[in-house]
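Since we're looking at a predicted model, the values are computed, not measured.
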Amino acid sequence: QVQLVESGGGLVQAGGSLRLSCAASGRIVSIYVMGWYRQAPGKQRELVAAITSGGTTNYGDSVKGRFTISRDNAKNTVTLQMNSLKPEDTAVYYCNADRIAATDGSRSYHSWGQGTQVTVSS
């Protein structure tokens with residue numbers, strides 16, 4: 001069983017920055033994709049950014065050029081640096097890990113963290 005623990009959310013003014021971190025723990029051999037999704041009230045959960053173990057990144061259109069995702073494969077951590085934040089970035093941000101190989105040979109898909117609130121004031 002994989003556990004994902006997020007940290008770094010909070011309240012920031014528009015134009016400011018925040019840094020989210022997520023650590024995966026458990027009997028993990030490898031994680032292929034780690035990423036961040038967000039969900040605002042009344043809206044569907046959407047991809048913010050994702051990164052593969054090889055370093056390939058994918059960003060949602062609304063965050064390109066403002067957010068940067070990175071990861072440490074050895075530590076099973078992923079970080080989202082968010083700059084030039086806008087009020088529309090306000091949401092609960094969820095860490096996601098996909099295609100996880102465990103020490104017992106099993107594989108699991110789409111594990112989620114508990115979410116961290118990001119609020120951007122105008």
Side-chain angles (χ1 to χ4, degrees):
Q1 191 77 6
V2 175
Q3 291 186 326
L4 301 175
V5 178
E6 302 115 333
S7 61
L11 173 64
V12 65
Q13 289 188 334
S17 298
L18 279 176
R19 186 180 181 92
L20 303 182
S21 296
C22 173
S25 63
R27 298 181 178 183
I28 300 168
V29 173
S30 64
I31 303 173
Y32 181 58
V33 182
M34 297 189 77
W36 293 91
Y37 289 72
R38 68 186 182 188
Q39 188 165 19
K43 294 187 177 182
Q44 289 188 330
R45 191 172 296 190
E46 63 175 359
L47 172 70
V48 177
I51 183 168
T52 69
S53 54
T56 300
T57 58
N58 183 31
Y59 292 93
D61 288 341
S62 62
V63 307
K64 286 179 181 177
R66 299 187 297 123
F67 292 9
T68 302
I69 191 169
S70 60
R71 68 183 282 179
D72 184 327
N73 291 330
K75 296 181 179 179
N76 292 320
T77 59
V78 62
T79 299
L80 184 69
Q81 178 66 43
M82 305 185 293
N83 298 329
S84 302
L85 282 160
K86 304 175 181 180
E88 50 263 44
D89 294 318
T90 296
V92 177
Y93 284 69
Y94 296 91
C95 180
N96 175 267
D98 191 26
R99 282 179 266 183
I100 304 156
T103 55
D104 63 358
S106 65
R107 290 187 177 272
S108 57
Y109 304 88
H110 284 302
S111 290
W112 295 94
Q114 79 284 357
T116 185
Q117 178 70 46
V118 171
T119 303
V120 184
S121 63
S122 56

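Separating the CZ atom in R38 from the CZ atom in F67 is a distance of 5.5 Å, to the nearest 0.5 Å. The CG atom of L20 sits 8.0 Å away from atom OG of S7, with the distance rounded to the nearest 0.5 Å. Distance CG/L4 to CD/Q114: 8.5 Å, rounded to 0.5 Å.
Sorted by first and then second residue, the salt bridge (Lys or Arg N to Asp or Glu O under 4.0 Å) pairs involving residues 90-116 (not counting sequence neighbours) form an empty list. Residue pairs meeting the side chain to side chain donor-acceptor pair (under 3.5 Å) criterion with at least one partner in residues 13-24, sequence neighbours excluded, are S17-N83, R19-Q81.
Between the side chain of Q117 and the main chain of G9, no donor-acceptor pair closer than 3.5 Å is present. For the pair R27 (side chain) and T103 (backbone), a donor-acceptor distance under 3.5 Å is absent.
Under the 4.5 Å side-chain criterion, counting only non-hydrogen atoms from C-beta, M82 is in contact with V118.
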**Report entry** Y93 vs E6, side-chain contact (heavy atoms from CB on, under 4.5 Å): CA-CA, chis, key distance, verdict
**Finding:** CA-CA 9 Å; Y93 284 69; E6 302 115 333; over 6 Å; no

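The residue from I69, V33, N58 that alone fulfils the side-chain contact (heavy atoms from CB on, under 4.5 Å) condition with I51 is I69.
In summary, D61 and K64 engage in a salt bridge, as defined by a charged side-chain N under 4.0 Å from a carboxylate O.
Within 6.0 Å of CD on Q3 lie no more than 12 heavy atoms contributed by other residues, nucleotides or ligands.
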